[in-house]
Amino acid sequence: MPKEQLEKDVKQFEYVEKKEKRIGLPELENPENVVLRFAPNPSGPLHLGHARAAILNDEYAKKYKGKLILRIEDTDPSRVDPEAYKMIEEDLEWLGVVSHEIIIQSERLEIYYEHAEKLIELGYAYVCTCESGAFYKLRIDKEACPCRRNDIPKNLEKYKKMFSDYKEGEAVVRLKTDLEINDPSMRDFPLMRISEHPHPRAAGKRVYPLMNFSVTIDDHFNGLTHVLRGKDHIPNIRKQRFIYDYFGWTPPEYIHYGRLKVEELALSTSATKEGIETGEYTGWDDARLGTLRAIAKRGIQPKAIRRAMMDVGTKRSDINLSWKNLYAYNRELIERDANRYFFVDGPKEISVTGAPGMEFHALLHPDFKDKGNRSLGKIKEKETVKFYLSSSDFENIKKGEFLRLMEAFNVEIVDKKETCAEAKFISRELEEARAKKARLVHWTLGDNNVKIKVVSPEGIINGYGEPDLKNIKVDEIIQFERFGFVRLDEITDDELVFYFSHK
RNA sequence: GCUCCGGUAGUGUAGACCGGCCAAUCAUGUGGGACUCUCACUCCCACGACUCGGGUUCGAAUCCCGACCGGAGCACCA
């Protein structure tokens, strides 16, 4: 026996073996020719909750060199937002999720029709024209409705009429399950229904499959090997199982993850939509929302989200995702690329006398000198110079205080009023400020600055920024020193509009 | 109410299947300190958890039972 093999065998019996640390996602059960799917319903753009399903599916597809199908589940015409199809694809692209195939259920209605008919022909399904309340009552008592007793030709005839005669709510196709099942919703659950609501992509159609039916048909015909979805779908395994069995198909492996809540955030698409309509939110990308487009606008990197979702994994228990963790991952990604600038929030004037003429410079990034300098402006000798301080710094200063204007000089506060203060020049040396443990504050010049607006989830912050801010480009992420990271979203005629990322 | 599922530090996570190496991992956070012309970065130190009660066992975070807490489902939505 070769030495290598021997070592391997010995290792198997060592208890140390099982303590090897798992990295990344848990292994899949039967990972051969893996086919997965991400199946959102197109009622709006994707949010953080969707990101979990999308990313985890993507990671598994990559891990096993499998295939990921994007399946758009648009079989409830009343909940379809025509814009959503495009938005979902954009959001996935931003996330870096690669789908190898796109399936839109409203384009596959004929397949569902055909299979519903097949189930009727086989005697496994029937068309039920009972009033829904009446059926509900019978079902509670585990009793069959009159339609269940109809023969196959009769059912086929009624099925045809669903496409022409019956109105919405008048007929459904039901699967014959078992009236004795303890969960009433399992008993002869519906497969197809009529909706007269116009479908933006399936004009003229009025018969639609219900979720459990279309999902089963598609999972089967698309060769799904593994299904990763929220635990709210657990009961559906049982329902779908009936369909698999009637057709003689084998169901895929299922993995169900728990509910994901995000601190102080409502992820619900329908509630968001309502908020947009009433004007409470500015749009799908409102900074307060958990949509991916809102998060992107705030300069959060897709990789930060991916890492957070990998962290979270596929556990069954519910979790509460913390923004702090997400921000920490994001900071790690953007820190070294984010150049530094001064921005004063809620500017308050401070006039300084006796300063020498000088030019102010600072590094674009304190850890990378080769990135070069930025110019903070210049002043002339003996001029009374006006500076702005942020309102929080202004509030803290006291008369007689020794203060360091960062990258400039040291001053002493001579007088302080409600909205402005006067100071006199003392010295230029930073060391002196350090020795006196003086406060170091950032500033902008009174006459050479850029108007700035920062949009944050908490509201809008106005102020002034240093002149070199004119050089940055839309989409660039920078750090306003002692304020936080921001992303430039828009340059308007008179101001720069930033979105706040995090501290 | 009925039927399922879950509970490890503030948050997320590893360990659980196969009990001992776990006075419990890693990340984030928080507190303190060093560095720094930022409240960012970096470095150091500290803090902080097996929901509870029984049982099995020489030994339980891990197995069993119960309680409590949390969640999901109980649609002609997905």
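Just so we're on the same page: letters track the sequence lines, and every chain starts at 1.
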Notebook entry, point to check: Will you find, in the side chains of A:Q301 and A:N330, an N or O donor that is under 3.5 Å from an N or O acceptor?
Noted result: no
Notebook entry, point to check: Going through the distances and angles, do A:F409 and A:F360 end up as a side chain to side chain contact (heavy atoms under 4.5 Å, CB included)?
Noted result: CA-CA 10 Å; A:F409 45 65; A:F360 307 116; 3.8 Å; yes
Check: When all nucleic acid strands are considered with a 4.0 Å heavy-atom cut-off, which category describes A:E407: base, sugar-phosphate, or nothing?
Finding: base
Next item on the list: Using the P atoms only, state how far B:C47 lies from B:U25, rounded to an integer number of Å.
Entry: 12 Å
Item checked: Residue closer to the 5' end of RNA chain B, A:Y136 versus A:I234 (nearest nucleotide) -> A:I234
Checklist line | Atom P, compared across B:A23 and B:G32: separation rounded to whole Å | finding: 31 Å
Item checked: Strand contacts (RNA chain B) in residues 183-192 of chain A, 4.0 angstrom heavy-atom criterion -> A:D183, A:P184, A:S185, A:P190
Margin query: We want to know whether A:K273 and A:S43 form a side-chain donor-acceptor pair, criterion being a heavy-atom distance below 3.5 angstrom.
Written below: no
Next item on the list: Answer yes or no: does a side-chain N or O of A:R79 lie under 4.0 Å from OP1 or OP2 of B:A78?
Entry: no
Note to self: For the C1' atoms, the ones on B:A9 and on B:U30, what distance do you get once it is rounded to whole angstrom?
What the structure shows: 12 Å
Next item on the list: Pick base, sugar-phosphate or nothing for A:V172, based on heavy-atom distances below 4.0 Å to the nucleic acid.
Entry: base
Notebook entry, point to check: Name the stems with RNA chain B in them: runs of three or more consecutive Watson-Crick or G-U pairs, distances under 3.5 Å?
Noted result: B:1-7 with B:68-74, B:10-12 with B:26-28, B:29-34 with B:42-47, B:51-55 with B:63-67
Note to self: Under 4.0 Å between a side-chain nitrogen and a carboxylate oxygen: does that hold for A:E107 and A:R201?
What the structure shows: yes
Anything under 3.5 Å between a protein N or O and an N or O of nucleotides 68-71 of chain B, put it in a table, one pair a line.
unit_1 : atom_1 : unit_2 : atom_2 : d
B:G71  : O4'    : A:D318 : OD2    : 3.1
B:G71  : O3'    : A:R259 : NH1    : 3.2
B:G71  : O2'    : A:K231 : NZ     : 3.2
B:G71  : O2'    : A:D318 : OD2    : 2.8

Check: Once you round it to whole Å, what is the distance between P of B:G29 and NZ of A:K503?
Finding: 14 Å
Margin query: So A:F483, base contact, sugar-phosphate only, or nothing? Heavy-atom distance under 4.0 Å.
Written below: nothing
Next item on the list: May I ask you to check whether A:R374 and A:H361 show a side-chain donor-acceptor distance below 3.5 Å?
Entry: no
Note to self: Please pick, from B:G12, B:G29, B:C76, the nucleotide with the shortest atom-to-atom distance to any side-chain atom of A:R331.
What the structure shows: B:G29
Notebook entry, point to check: Taking the side chain of A:N325 as its heavy atoms from C-beta onward, which of B:C77, B:U28, B:U38 lies nearest to it?
Noted result: B:U28
Next item on the list: For atom OH of A:Y136, decide whether the heavy atoms of other residues, nucleotides or ligands shown that lie under 6.0 angstrom number more than 12.
Entry: no
Note to self: For A:D218, is there an ion pair with A:R37 - N to carboxylate O distance below 4.0 angstrom?
What the structure shows: no
Next item on the list: Establish, with yes or no, whether the OP1 or OP2 oxygen of B:C4 is under 4.0 angstrom from a side-chain nitrogen or oxygen of A:R238.
Entry: no
Item checked: A:T75 side-chain proximity, nearest of B:A78, B:U38, B:U30 -> B:A78
Next item on the list: Report the C-alpha distance between A:R434 and A:L440 in whole Å, list the side-chain angles of each, state the deciding distance to 0.1 Å, and finish with yes or no for side chain to side chain contact (heavy atoms under 4.5 Å, CB included).
Entry: CA-CA 9 Å; A:R434 289 255 190 251; A:L440 273 66; 4.2 Å; yes
Note to self: Between A:F498 and A:F480 (judged by ring centroids, cut-off 6.0 Å), do the two rings come close enough to count as a pair?
What the structure shows: yes
Margin query: Using whole Å, what does the distance between atom C1' of nucleotide B:A75 and atom CZ of A:R139 come to?
Written below: 8 Å
Next item on the list: Return yes if the base of B:A40 and the side-chain atoms of A:R340 contain a donor-acceptor N/O pair under 3.5 Å, otherwise no.
Entry: yes
Next item on the list: Look at all strands and tell whether A:L430 reaches a base, only sugar-phosphate, or nothing, counting heavy atoms closer than 4.0 Å.
Entry: base
Check: Out of B:C37, B:G7, B:C77, which has the shortest distance to the side chain of A:D76?
Finding: B:C77
Check: Which nucleotide sits closest to the side chain of A:N41: B:A78, B:A75, B:G73?
Finding: B:A78
Margin query: We want to know whether A:S427 and A:N410 form a side-chain donor-acceptor pair, criterion being a heavy-atom distance below 3.5 angstrom.
Written below: yes
Margin query: Which nucleotide wins on minimum distance to the side chain of A:L210, given the candidates B:A78, B:C41, B:U38?
Written below: B:A78
Next item on the list: Check every strand shown and say whether A:R307 touches a base, only sugar-phosphate, or nothing at a heavy-atom separation below 4.0 Å.
Entry: sugar-phosphate
Checklist line | Rounded P spacing from B:C50 to B:G12 in Å | finding: 16 Å
Notebook entry, point to check: Is it true that A:K261 and A:D318 have a side-chain N and a carboxylate O under 4.0 angstrom from each other?
Noted result: no
Check: Is NZ or CZ of A:R108 both nearer than 6.0 Å to the six-membered ring centre of A:F221 and within 45° of the ring axis?
Finding: no
Next item on the list: Using the closest heavy atom to pick a nucleotide of RNA chain B for each, name whichever of A:N320 or A:A408 lands nearer the 5' end.
Entry: A:N320
Item checked: Ring-ring centroid check A:Y159 A:Y113, cutoff 6.0 Å -> no
Notebook entry, point to check: NA contact type, A:D232, heavy-atom cut-off 4.0 Å: base, sugar-phosphate, or nothing?
Noted result: base
Note to self: So A:S43, base contact, sugar-phosphate only, or nothing? Heavy-atom distance under 4.0 Å.
What the structure shows: nothing
Check: Base, sugar-phosphate alone, or nothing: which one does A:Y327 contact when heavy atoms must sit under 4.0 Å apart?
Finding: nothing
Check: Within this structure, what is the CZ-to-C1' distance between A:F368 and B:U42, rounded to whole angstrom?
Finding: 11 Å
Next item on the list: Report which part of the nucleic acid A:N236 touches: base, sugar-phosphate, or nothing (heavy-atom distance under 4.0 Å, all strands).
Entry: base
Notebook entry, point to check: Can a donor-acceptor pair under 3.5 Å be found between the side-chain atoms of A:R404 and the base atoms of B:C37?
Noted result: yes
Check: Quick one: is A:K315 getting a side-chain N or O under 4.0 Å of the B:U13 phosphate, OP1 or OP2?
Finding: yes
